[in-house]
Amino acid sequence: MNTATSTSHSSVALRDIVTLQGHILHQQKRHPGASGTFSWILSAISISAKMISAAVRRARLEDVLGSAGEQNVQGEQQQKLDVIANEILLRLLGGREGVAIVASEENEEPVILRADEDGEQRYCVLFDPLDGSSNLDICGSVGTIFSILRRVPGSPSGESALLQRGLEQVAAGYVLYGSSTVMMLTIGNGVDMFVLDPSIGAFVLVQKGLTMPARNKVYSLNEGNRLTLPEGYQKYLHWAQSNGYSSRYVGAMVGDVHRVLLQGGVFMYPPTKKAPKGKLRLMYEANPMAMLIEQAGGKAMAAPGQRILEVQPEGIHQRTCVVLGSAEEVDHVMAQVAPSEG
Ligand code: P6P
């Protein structure tokens, strides 16, 4: 009997396939005595990502594009898929015993799922369920961003339990629903990249220990805000354009950060007239992205001398300025901004 694999996978050395599930369990084995609680949470995120990916790819077929007719807590028009993605994550994470609190860009208040009277170590999960959802109608990149914190036993319940600096994150990542569905994940020892293989319904490890290029002459921001940017940022743009830089901007943080992680460069959302503290949310956009960028060897700053991960949050929906990417490229921006903010 011909036992050779005659499927399309025959070109893939089957021994090389490491799925996200296998990777998570391998990491768990490195922590003797680990209860598996954390692994189960990552599993819930993985399943949610597969469900959201399927929903995104069928959106136009099932007429779930467009506005949901409501505004979210940010005052932004909710897309139908924002609501669908949010419900999927709330439901999957809600079913995990190890999740104490979840917080979403789409919900004004955190959802308290479990108290910690039994002394079990539980976790808080914060997420932007469908970042850049306005790109959906034009088949542009959208994504899910997540951040995982420990629920500190005995700390006050509710929002204050979440107000931990980004340095306290135990894991962070995103899922990019682009030409393929890609997950970037860090649990604090490097960045690993997975691609969803629809033929087996699993995220497959494609790059372990990703490090980003130290430099690349590409900057990324919404240049429509140029005239209202603080002077230092306008000076940076002049410097970059005088030094042969290119501009790339997807309009969805996940898409822009993914390009910066893989190719280098710098992404920024500085203070603008419309968003004087910056537009991006600290807890579930800037912090998780900053952890990924720093774990990949880059820098992530809220201001000159202020790492994003060291910002002490005062509210779960607070916004921040973001300048992140290749270390050298972030330094070029800070060099132009620092004098004007000094
Ligand atoms: P602008 C998407 O709405 C988002 O929150 C980020 O994903 C993205 O980087 C930014 O806002 C885009 O904002 O003002 O350029 O449309």
Side-chain angles (χ1 to χ4, degrees), residues 49 52 56 65-68 70-83 85-86 89 103-108 126-147 172-178 182 184 218-230 233-234 237 247-262 265-293 298 300-302 308 315-325 330 333:
I52 295 168
V56 163
L65 285 177
S67 165
E70 304 282 334
Q71 285 201 341
N72 63 15
V73 64
Q74 322 290 339
E76 293 166 347
Q77 197 58 43
Q78 268 186 327
Q79 304 295 312
K80 290 173 190 169
L81 271 169
D82 280 325
V83 177
N86 197 44
L89 281 155
S104 165
E105 181 198 48
E106 301 299 331
N107 296 78
E108 183 156 7
L126 303 96
F127 54 82
D128 180 354
L130 206 59
D131 171 64
S133 53
S134 52
N135 273 356
L136 280 167
D137 292 3
I138 50 122
C139 204
S141 297
V142 294
T144 298
I145 311 173
F146 58 90
S147 168
Y174 61 76
V175 183
L176 172 61
Y177 312 106
V182 179
M184 280 292 193
V218 176
Y219 67 80
S220 178
L221 85 162
N222 182 337
E223 300 218 37
N225 297 317
R226 185 171 64 83
L227 296 179
T228 70
L229 294 179
Y233 290 95
Q234 296 195 32
L237 289 177
S247 172
R248 294 285 181 277
Y249 192 67
V250 169
M253 189 183 195
V254 180
D256 285 312
V257 171
H258 191 65
R259 182 192 59 252
V260 166
L261 269 171
L262 296 187
V266 61
F267 165 80
M268 65 190 97
Y269 208 108
T272 65
K273 186 174 179 184
K274 191 178 168 191
K277 292 184 184 298
K279 174 182 180 183
L280 302 177
R281 275 62 61 150
L282 174 65
M283 298 301 292
Y284 41 79
E285 288 177 332
N287 271 342
M289 292 309 199
M291 183 176 183
L292 285 166
I293 290 285
M301 307 299 284
I308 289 174
I316 59 169
H317 296 300
Q318 83 179 58
R319 299 175 190 267
T320 180
C321 165
V322 171
V323 179
L324 56 77
V330 171
V333 179

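Counting convention: from 1, in listed order, for ligands and their atoms alike. Positions are given from 1 along the sequence. This one's a predicted model, so the numbers in the text were calculated from it and none came from an experiment.
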**Q** Supply the atom-to-atom distance Ser220 OG to Tyr249 OH, rounded to the nearest 0.5 angstrom.
**A**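 The OG atom of Ser220 sits 6.5 Å away from the OH atom of Tyr249.
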
**Q** Could you state the interatomic distance from CG (Leu89) to CZ (Phe127), rounded to the nearest 0.5 Å?
**A**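 So the gap between those two atoms works out to 4.5 Å.
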
**Q** Could you check whether any side-chain heavy atom of Tyr284 comes within less than 4.5 Å of a side-chain heavy atom of Asp128, counting everything from C-beta outward?
**A**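 Side chain of Tyr284 against side chain of Asp128, heavy atoms only: contact under 4.5 Å found.
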
**Q** State, without any angle test, whether Ser133 and Asp82 hold a side-chain donor-acceptor pair at a distance under 3.5 Å.
**A**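 Result is yes, a qualifying pair exists.
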
**Q** Rounded to the nearest 0.5 Å, what separation is found between the CZ atom of Arg281 and the CE atom of Met253?
**A**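 Between Arg281 CZ and Met253 CE, I get 9.5 Å after rounding to 0.5 Å.
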
**Q** Thr144 side chain to Pro129 main-chain N or O, any donor-acceptor pair under 3.5 Å?
**A**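 A pair under 3.5 Å: yes.
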
**Q** Quick one: table the atom pairs, ligand 1 N or O against protein N or O, below 3.5 Å, distance rounded to 0.1 Å.
**A**
from, atom 1, to, atom 2, distance (Å)
ligand 1, 5 (O), Arg281, NH2, 3.4
ligand 1, 7 (O), Asp131, OD1, 2.5
ligand 1, 7 (O), Asp131, OD2, 3.1
ligand 1, 7 (O), Met253, N, 2.8
ligand 1, 9 (O), Met253, N, 3.2
ligand 1, 11 (O), Lys279, NZ, 3.0
ligand 1, 13 (O), Lys279, NZ, 2.9
ligand 1, 14 (O), Tyr269, OH, 2.6
ligand 1, 15 (O), Asn222, ND2, 2.9
ligand 1, 15 (O), Tyr249, OH, 2.5

